[in-house]
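Fair warning: this is a prediction, and the values are worked out from it, not measured in the lab. When reading the values below, keep in mind they use all heavy atoms of this one structure, side chains included, and skip hydrogens, waters and symmetry mates.
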Amino acid sequence: MTDQPLNGADTPRGCPVAHGGADVARLYGSEAATDPQGIYERLRKEHGSVAPVLLEGDVPAWLVLGYRDNRRVLDNPRQFSRDARIWRDWREGHIPETHPLIPMIGWRPDCISQDGEPHRRLRGAVTDGLLAASSRGVRRHATFFANKQIDAFADAGHADLVADYAEYLPMLVLTRILGLPMAEGRRLVESCAQVLKGGEGALEHNGRIMQILSELAERKRAEPGSDFATALIEHPAGLDHDEVVSHLRLVLLAAHTTTSNLLARVLQLVLTNAGRLSGLVSGQLTISSVVEEVMWDTPPLSVLPGRFAASDLELGGHHIQEGELLILGLAAGNVDPEVRPDTAVTVQGNHSHLAFSSGPHECPGQSIGQSIIEIGVDVLLHRLPGLRLAVPPEELSSTASTWESRLDSLPVEFSV
């Protein structure tokens with residue numbers, strides 16, 4: 001998509017004046033891709049802990065910037081529903097089903113689109129399935145695929161740890177967890193990235209993901225296995241086909257995109273900070289403590305979609321109308337000056353970051369992602385002696401979408 005708003009009947013209510021004028025910040029486009037943190041801080045100064053923004057196609061939303069306001073929204077589903085069917089702009093026909101935001105914000109028959117008892121029923125199936133999967137050798141799978149990825153470049157003496165490693169390791173592990181062939185995992189990496197990126201390709205790639213996972217569910221009904229897909233199908237909650245496929249998609253997207261991004265950021269910190277690297281090698285630091293630091297400073301999802309006001313209410317000094325869309329600024333909330341006045345002060349041992357969300361919809365698969373990252377970093381450091389950054393740290397760059405900021409590359413050298 002371009003920076004231009006939708007036209008005619010597709011234009012959301014009052015867009016862009018729905019939020020008070022044409023100068024409302026856009027969370028897409030060239031500035032958002034290169035300086036999202038600058039946008040967050042400018043919005044915080046201008047509007048406080050909640051700010052009006054425009055999403056792709058100039059769809060209006062409220063960005064929650066404050067830590068406490070984020071927690072209030074995440075912890076109170078009765079006030080801030082996850083059910084996109086109450087989204088006013090969608091109900092009034094301003095958001096077509098073909099809009100590129102639909103794969104990220106639209107309603108689906110999965111647990112994150114539900115509240116109350118429907119959420120508990122579906123969430124129970126997901127939690128039980130992930131618990132069973134995590135007990136069936138996630139660390140073993142991660143070790144196997146980490147070594148397999150490293151084998152491809154170990155003799156070269158150089159690599160890009162984003163393109164050659166972090167982008168693929170989580171997905172390859174997920175193929176084992178979900179019950180997919182390894183070759184399908186490599187195809188799905190691109191599609192997951194495009195769904196998060198948005199734009200004209202988002203719907204096409206979302207459709208590709210759904211087709212692959214629908215075929216997987218059909219295979220597993222005929223030939224059950226020891227995998228997450230089979231666990232969903234056989235769960236006492238009685239999920240139908242659409243519910244099974246939607247939850248396979250949910251776990252695939254959430255686990256791959258967040259874990260690959262987090263792994264890249266952990267490796268970036270380790271390779272640009274001599275103290276972190278020596279601490280890991282000597283055993284004085286644990287990988288989990290480094291992961292915790294990254295989740296505070298560069299969480300894998302910068303912005304979390306989305307919540308919808310269940311009634312008219314006040315938040316951060318702003319009047320939010322029933323059915324309006326709110327998106328959660330996890331990265332902005334983690335550096336909120338009211339709870340973290342000095343970001344240079346260590347956060348070691350503090351697990352109260354927003355990176356995994358909070359409340360009833362908190363990420364249920366965090367232990368799996370943590371295991372993949374711990375193994376991924378550990379195997380890499382042991383396999384590649386003399387591992388070092390191949391460029392000055394200031395040359396590393398990132399590209400952001402509305403929802404995340406991803407490291408473009410991480411070129412390294414090592415002894416052969």
Side-chain angles (χ1 to χ4, degrees), residues 33-38 142-173 185-186 189-190 192-193 196-197 256-300 302 331 343-344 369-370 372-401 404-416:
T34 56
D35 189 23
Q37 289 292 344
T143 301
F144 172 80
F145 284 117
N147 279 294
K148 188 175 181 65
Q149 286 299 108
I150 294 169
D151 287 343
F153 57 75
D155 294 334
H158 60 86
D160 176 357
L161 293 184
V162 172
D164 299 331
Y165 195 64
E167 284 295 313
Y168 285 99
L169 177 58
M171 181 62 79
L172 293 172
V173 176
R186 295 192 178 274
V189 166
E190 178 190 2
C192 288
L196 267 288
K197 182 179 179 181
H256 167 67
T257 55
T258 59
T259 306
S260 63
N261 198 0
L262 190 55
L263 175 56
R265 293 297 186 182
V266 169
L267 291 171
Q268 178 188 14
L269 178 59
V270 169
L271 292 170
T272 56
N273 188 304
R276 302 295 187 282
L277 180 58
S278 62
L280 288 178
V281 173
S282 66
Q284 293 177 307
L285 265 183
T286 64
I287 296 171
S288 61
S289 67
V290 178
V291 171
E292 204 73 36
E293 183 177 355
V294 172
M295 286 193 288
W296 272 103
D297 294 332
T298 51
S302 304
T343 55
Q370 183 91 3
I372 293 172
I373 291 169
E374 289 179 2
I375 294 296
V377 175
D378 189 56
V379 171
L380 196 72
L381 294 180
H382 281 87
R383 283 286 307 271
L384 304 178
L387 182 65
R388 59 196 177 275
L389 198 60
V391 298
E394 59 271 17
E395 289 187 14
L396 298 177
S397 62
S398 301
T399 300
S401 67
E404 61 175 359
S405 177
R406 297 187 79 87
L407 190 64
D408 293 323
S409 65
L410 191 61
V412 295
E413 298 171 337
F414 46 87
S415 305
V416 177

Taking all non-hydrogen atoms of both residues, which atom of [X] and which atom of [Y] are closest, and how far apart?
| X | Y | result |
| --- | --- | --- |
| A159 | F153 | CB-CD1, 3.5 Å |
| G185 | M171 | O-CG, 3.1 Å |
| Q149 | Y168 | NE2-CB, 3.7 Å |
| A264 | V162 | CB-CG2, 4.2 Å |
| S260 | A166 | CB-O, 3.1 Å |

Under 3.5 Å, side chain of [X] to main-chain N/O of [Y], donor-acceptor pair present?
| X | Y | result |
| --- | --- | --- |
| D160 | L410 | yes |
| D378 | E374 | no |
| S289 | L285 | no |
| T259 | H256 | no |
| N261 | S405 | yes |

Among V412, L263, L161, find the residue that satisfies the side-chain contact (heavy atoms from CB on, under 4.5 Å) test when tested with L380.
->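 That would be L161; it is the only one of V412, L263, L161 passing the side-chain contact (heavy atoms from CB on, under 4.5 Å) with L380.
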
Show which side-chain atoms of residues 390-400 pair as donor or acceptor with protein atoms under 3.5 Å away, not counting sequence neighbours.
unit_1: S397; atom_1: OG; unit_2: D408; atom_2: OD2; d: 2.6
unit_1: S398; atom_1: OG; unit_2: R265; atom_2: NH1; d: 3.2
unit_1: S398; atom_1: OG; unit_2: R265; atom_2: NH2; d: 2.9
unit_1: T399; atom_1: OG1; unit_2: D408; atom_2: OD1; d: 2.8
unit_1: T399; atom_1: OG1; unit_2: D408; atom_2: OD2; d: 3.4

Who pairs with A331 by side chain to side chain contact (heavy atoms under 4.5 Å, CB included), at least two apart in sequence or on another chain?
->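 Applying side chain to side chain contact (heavy atoms under 4.5 Å, CB included) to A331 gives Q37, Y40, P299, S302.
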
Checking salt bridge (Lys or Arg N to Asp or Glu O under 4.0 Å) for the pair R276/E293: CA distance, chi angles, key distance, verdict?
-> CA-CA 11 Å; R276 302 295 187 282; E293 183 177 355; 2.7 Å; yes

Would you say the side-chain atoms of S401 and R406 include a donor-acceptor pair closer than 3.5 Å?
->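 R406 and S401 do not have a side-chain donor-acceptor pair below 3.5 Å.
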
